[in-house]
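The structure appears below as structure tokens.
Convention: sequence-line order gives letters A, B, ...; per-chain numbering from 1. Values below: all heavy atoms of this structure, side chains included; hydrogens, waters and symmetry mates excluded.
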There are 2 protein chains.
Amino acid sequence: MLATGLFSNEARNLGKSARTRARLMDAAVELFARDGFKAASVNEIAKLAEMANGTFYVHFRDKREIVQAVTLGIAQELARQLDEAMVDIDDAVERVSMATRRFLDLALTSPDWGRAFFRAAWAFRDLRENMLSFLRADLERGRDQGAFTVEIDDVLIDTFASMIMGALFGRLAGDFGPEAGARVAELQLRMLGVPPQRAHAVANRQLPELRLTIAALPKQLKPDPVPSR
Amino acid sequence: MLATGLFSNEARNLGKSARTRARLMDAAVELFARDGFKAASVNEIAKLAEMANGTFYVHFRDKREIVQAVTLGIAQELARQLDEAMVDIDDAVERVSMATRRFLDLALTSPDWGRAFFRAAWAFRDLRENMLSFLRADLERGRDQGAFTVEIDDVLIDTFASMIMGALFGRLAGDFGPEAGARVAELQLRMLGVPPQRAHAVANRQLPELRLTIAALPKQLKPDPVPSR
DNA sequence: CCCATAAATGGGAGGTTTGTCAATTTTAAA
DNA sequence: TTTAAAATTGACAAACCTCCCATTTATGGG
């Protein structure tokens, strides 16, 4: 039994039902990332999670339900970690740069999650809007602080987000290295009206080490005492 | 028989085989736009094209083959029209703004094509790189003309393209109106280092009426539907 | 350790999908 | 008009899908 995914890790101290559910969700993340939400099949999810297909329907009413659970889980986890990483930053220029760079670093920590998020962001409007509302807050903060000279409207916010999504895709595809985050952040700041020199300086400032939290611990967990099968 | 799609129109003077093939491709565009390449079924494509499923296999070996034909066809058509619209523009600032705005206008002329392009651009690397090479040429032209102060590298080009894709999505989803093209172009020019005032002026200049060419025909009577999924 | 209950299993009904093929209809050249 | 080639049809096998459910297996409070 593998149980190395992030959902499984999060549920490792919960009851058996929650752990099984989490294993299904981890398998789903992997398949959603590869094939998309429509093309991934319940059969394949159960097979990848190493359980009978009937088990799936004990934990989820149907495919729609696991899609919802997975996308919500990914979005919440990303938002939580991002929020935590920026909790004591006031300067909007710093926040905006940090959001982009941290988001990319986080998503790349678990590429399957990153890929699933990429798909979900285009497919589910409410998830997208939830994420954009955080962005809007920081952009308006920057305007109020006098740092951004551009008008803040829906197109701007959406465009800003698209730049992040494009970078996420490039990183996941292996087209770009880790430096892409800083580069995109710099371009974003230029777009917003931050003087080029400051944009370059802020976007390339070294970020403090990311403090990992519960769910983000990787592999190497104690195997289940009961041998499988 | 409908035969109202762009491929059908392009093939309307060719032999019967080519016309049937084109009808299948038009149906495929519609389904690819709605469901994605993986989730669309051959059965449904044939049904939408009002022919027996066996006919599909006379014209295409399998689904992979029609996906390739459709994506290639869309990309070529868009590139051809864009190229024609900009043939006598020298100033890179104008070209870059025009490429974004014209592209969005074109894609919105046939929303199904736009949606299919949106999906294809993320799914097929060679198509994406083909499009990006046009972009690179104009960006380098602007640098050589001294209009852009930003360094031109892969991340910049990709980010620039992502801004267009984000706007395309927003337009197709009905989140933005026709003014979004000019707004995004303005943001792009700011990012590139064009002074804000000039960026605003160029991006909002009225474009000459687009001269339509062969394939880019007719009405689009379907009411604007929901985006993807 | 007992045993009520929760969890998991695996087979199957009923539907859809892919790709094939013999039979039929349409096309167009002579 | 004739006729051979080209195009189309629709039934079908085999694979695969979703969801159900009668059973078996595991868990944990008393």
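- In this structure, R23(A) places its CZ atom 12 Å from C1' of dA7(C), rounding to the nearest Å.
- Remark: P of dT17(C) and NZ of K38(A) are 12 Å apart, rounded to the nearest angstrom.
- Nucleic acid contact class of T55(A) (heavy atoms, under 4.0 Å, all strands): base.
- Annotation: side chain of S41(A) is not in contact with side chain of K63(A) (no heavy-atom distance under 4.5 Å).
- Within the 4.0 angstrom heavy-atom criterion, only backbone atoms of the sugar-phosphate kind lie near V42(A); the bases stay farther away.
- The CG atom of D35(B) sits 14 Å away from the C1' atom of dT16(C) (whole-angstrom rounding).
- You won't find any donor-acceptor pair under 3.5 Å spanning the side chain of D62(B) and the base of dG19(C), going by distance alone.
- One interatomic measurement links the two molecules: CD of E50(A) to P of dA8(C), which rounds to 14 Å at whole-angstrom precision.
- At the phosphate of dC17(D), OP1 or OP2 sits under 4.0 Å from a side-chain N or O atom of S41(A).
- Between F118(A) and W122(A), the ring-plane angle classifies as perpendicular under the 30° and 60° cut-offs.
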Identify every side-chain donor-acceptor pair in residues 129-137 of chain A under 3.5 Å, counting partners at least two apart or on other chains, and give the distances.
unit_1	atom_1	unit_2	atom_2	d
S133(A)	OG	N130(A)	O	2.7
R136(A)	NH2	D154(A)	OD1	2.9

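- You'll find that the side chain of N53(A) is closest to dT18(D), out of dT18(D), dT9(C), dT18(C).
- Atom pair K63(B):NZ and dG19(C):P shows a separation of 9 Å (rounding to whole Å applied).
- Here Y57(A) does not reach the OP1 or OP2 of dC20(D): none of its side-chain N or O atoms lies under 4.0 Å away.
- Taking 4.0 angstrom as the limit, N43(A) places none of its side-chain polar atoms (N or O) nearer than this to OP1 or OP2 of dC16(D).
- In this structure, T20(A) does not reach the dA7(C) phosphate: none of its side-chain N or O atoms is under 4.0 Å from OP1 or OP2.
- As rounded to whole Å, 11 Å separates atom P of dT17(C) from atom CG of L31(B).
- Distance, E65(A) CD to dC19(D) C1': 13 Å, rounded to whole Å.
- Residue-to-nucleotide proximity on DNA chain C shows that, of K16(B) and E44(B), the 5′-proximal contact is made by E44(B).
- In this structure, a donor-acceptor pair under 3.5 Å is present between the side chains of T100(B) and Q188(B).
- Proximity of H59(A) to the phosphate of dA8(C): a side-chain N or O atom is located under 4.0 Å from OP1 or OP2.
- Under the 4.0 Å criterion applied to side-chain N and carboxylate O atoms, R34(A) and D112(A) are not assigned as salt-bridge partners.
- Atom P of nucleotide dT18(C) and atom CZ of F56(B) are separated by 8 Å, given to the nearest angstrom.
- Judged by closest nucleotide on DNA chain C, A52(A) is the one of G15(B) and A52(A) placed further toward the 5' end.
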